[in-house]
Amino acid sequence: MAMEFKLDIDEFVRDLRANANDVERGTRESMDQIKDDWIQKSRDVAPLDTGNLRRQIHGFTEGSGANSKVIVTGNATNSSRGYGRFNYGYYLHEEAPASTNLSTPGTTLKFFDETAIAREREWMRWLEEDIRQA
């Protein structure tokens, strides 16, 4: 016995092409909202000593439409005797041992990763809604 499953998306593709500019605009707006949310939520949980790391968390959106992406960075540097400039934002997030003692409750070494994991579903909902509305 043979079974067949056929998916006809011709109408969907036609609609998508006809509304490509609107979809691209909706995607861009949503990605900018996601970027702003990711920055803010990451600042809220980034390790806190002087506040420099939190001030240095920035992001940008690049690409367009389905090829959009958000990039966030936390390149906080400090001068260290004998070592020159040291990017402690990168060190904390990527290299610091998990046992590193953080002095401020509610902070985390993986401030970007944990924020993204916690917010991913919400961001996807925003993106879908913004594209649908566009």
Side-chain angles (χ1 to χ4, degrees):
M1 174 185 193
M3 296 288 294
E4 184 177 285
F5 175 78
K6 183 177 179 185
L7 181 61
D8 183 0
I9 61 169
D10 290 341
E11 187 176 341
F12 171 74
V13 170
R14 270 192 309 277
D15 288 347
L16 188 58
R17 286 185 178 138
N19 296 298
N21 289 338
D22 293 334
V23 169
E24 187 170 327
R25 180 182 42 77
T27 301
R28 176 57 126 189
E29 290 172 3
S30 192
M31 294 296 273
D32 283 339
Q33 290 175 327
I34 290 167
K35 171 194 53 92
D36 293 344
D37 188 63
W38 198 354
I39 290 169
Q40 182 56 55
K41 299 290 193 254
S42 294
R43 284 178 178 165
D44 291 345
V45 297
L48 180 62
D49 183 19
T50 65
N52 187 47
L53 173 57
R54 291 182 177 191
R55 284 189 301 275
Q56 297 307 318
I57 294 175
H58 300 286
F60 59 94
T61 304
E62 70 177 31
S64 63
N67 295 315
S68 298
K69 64 181 173 181
V70 172
I71 299 169
V72 291
T73 62
N75 294 319
T77 59
N78 198 359
S79 292
S80 181
R81 249 191 276 172
Y83 296 104
R85 302 288 297 165
F86 174 70
N87 185 344
Y88 64 90
Y90 176 84
Y91 171 78
L92 289 173
H93 193 273
E94 298 299 323
E95 297 179 5
S99 61
T100 300
N101 185 21
L102 298 174
S103 59
T104 305
T107 60
T108 179
L109 293 171
K110 299 290 188 184
F111 46 95
F112 289 137
D113 297 352
E114 291 184 22
T115 298
I117 290 166
R119 303 289 294 158
E120 183 177 24
R121 284 192 175 144
E122 182 73 7
W123 294 341
M124 186 57 74
R125 189 182 61 72
W126 292 356
L127 185 58
E128 290 171 359
E129 184 61 29
D130 287 348
I131 291 171
R132 189 177 297 113
Q133 287 181 359

Check: Are side-chain N/O atoms of Asp44 and Gln40 paired as donor and acceptor at under 3.5 Å?
Finding: yes
Item checked: Considering all heavy atoms, the nearest Leu53-Gly89 contact -> CD1-CA, 3.7 Å
Check: Rounded to the nearest 0.5 Å, what separation is found between the CD atom of Glu120 and the OG1 atom of Thr115?
Finding: 12.5 Å
Margin query: Quick check: closest heavy atoms across Thr108 and Pro47, and the distance to 0.1 Å?
Written below: O-CD, 3.2 Å
Margin query: Within the structure provided, determine whether Arg54 and Leu48 are in side-chain contact (heavy-atom separation under 4.5 Å).
Written below: yes
Notebook entry, point to check: Looking at Gln56 and His58, what are the two nearest heavy atoms and their distance?
Noted result: O-CD2, 3.1 Å
Notebook entry, point to check: Linking I/L/V/M/F/W/Y whenever their side-chain heavy atoms sit closer than 4.5 Å, directly or via other members, would Leu102 and Val45 fall into one cluster?
Noted result: yes
Notebook entry, point to check: Are side-chain heavy atoms of Val70 and Glu62 found at a separation under 4.5 Å?
Noted result: no
Check: Looking only at heavy atoms, which two atoms of Ala134 and Asp22 are closest? And how far apart?
Finding: CB-O, 3.0 Å
Notebook entry, point to check: Between Thr107 (side chain) and Thr104 (backbone), is there a donor-acceptor pair under 3.5 Å?
Noted result: yes
Note to self: Donor-acceptor pair, distance only, cut-off 3.5 Å: does the side chain of Thr100 make one with the backbone of Pro97?
What the structure shows: yes
Note to self: Under the salt bridge (charged side-chain N to carboxylate O under 4.0 Å, His left out) definition, can you give me all pairs with a residue in residues 94-114, not counting sequence neighbours?
What the structure shows: none
Notebook entry, point to check: In terms of ring plane angle, is the pair Trp123 and Trp38 parallel, tilted or perpendicular, where the classes change at 30° and 60°?
Noted result: tilted
Note to self: Angle between ring planes, His93 versus Phe111, binned at 30° and 60°: parallel, tilted or perpendicular?
What the structure shows: perpendicular
Next item on the list: Using a strict 4.0 Å threshold on nitrogen-to-oxygen distance, state whether Arg125 and Glu128 make a salt bridge.
Entry: no
Note to self: Can a donor-acceptor pair be found, under 3.5 Å and without considering hydrogens, that links the side chain of Asn19 to the backbone of Asp15?
What the structure shows: yes
Check: Going by heavy atoms in the side chains, are Lys35 and Asp32 under 4.5 Å from each other?
Finding: yes
Next item on the list: Following the transitive rule for hydrophobic clusters with a side-chain heavy-atom cut-off under 4.5 Å over Ile, Leu, Val, Met, Phe, Trp and Tyr, establish whether Val23 and Val13 coincide in one cluster.
Entry: yes
Check: Is the closest side-chain heavy-atom distance between Tyr88 and Thr77 below 4.5 Å?
Finding: no
Check: Looking at residues at least two apart in the chain, or sitting in another chain, which of them share a side chain to side chain contact (heavy atoms under 4.5 Å, CB included) with Pro105?
Finding: none
Check: Counting distance only, does the side-chain N/O of Thr50 pair as donor-acceptor with the main-chain N or O of Asn52 below 3.5 Å?
Finding: yes
Next item on the list: Would you kindly confirm whether Ile71 and Ile57 end up in one hydrophobic cluster when ILVMFWY residues are joined by side chain heavy atoms under 4.5 Å apart?
Entry: no
Notebook entry, point to check: Are Phe60 and Ile34 grouped together when hydrophobic residues (ILVMFWY) are joined by side-chain heavy atoms under 4.5 angstrom apart?
Noted result: no
Notebook entry, point to check: How many angstroms lie between atom CZ of Arg14 and atom CD1 of Ile9, to the nearest 0.5 angstrom?
Noted result: 11.0 Å
Next item on the list: Working to the nearest 0.5 Å, report the span between OG of Ser64 and CD of Glu24.
Entry: 4.0 Å
Notebook entry, point to check: Taking C-beta and beyond as the side chain, do Trp126 and Arg119 meet within less than 4.5 Å on heavy atoms?
Noted result: yes
Margin query: Applying a strict under-4.5 Å side-chain criterion to I, L, V, M, F, W and Y, I'd like to know whether Tyr90 and Phe112 cluster together.
Written below: no
Item checked: Residues Lys69, Thr61; criterion side-chain contact (heavy atoms from CB on, under 4.5 Å); working and verdict -> CA-CA 6 Å; Lys69 64 181 173 181; Thr61 304; over 6 Å; no
Next item on the list: Just jot down the salt bridge (charged side-chain N to carboxylate O under 4.0 Å, His left out) partners of Glu29, sequence neighbours excluded, or say none.
Entry: Arg25
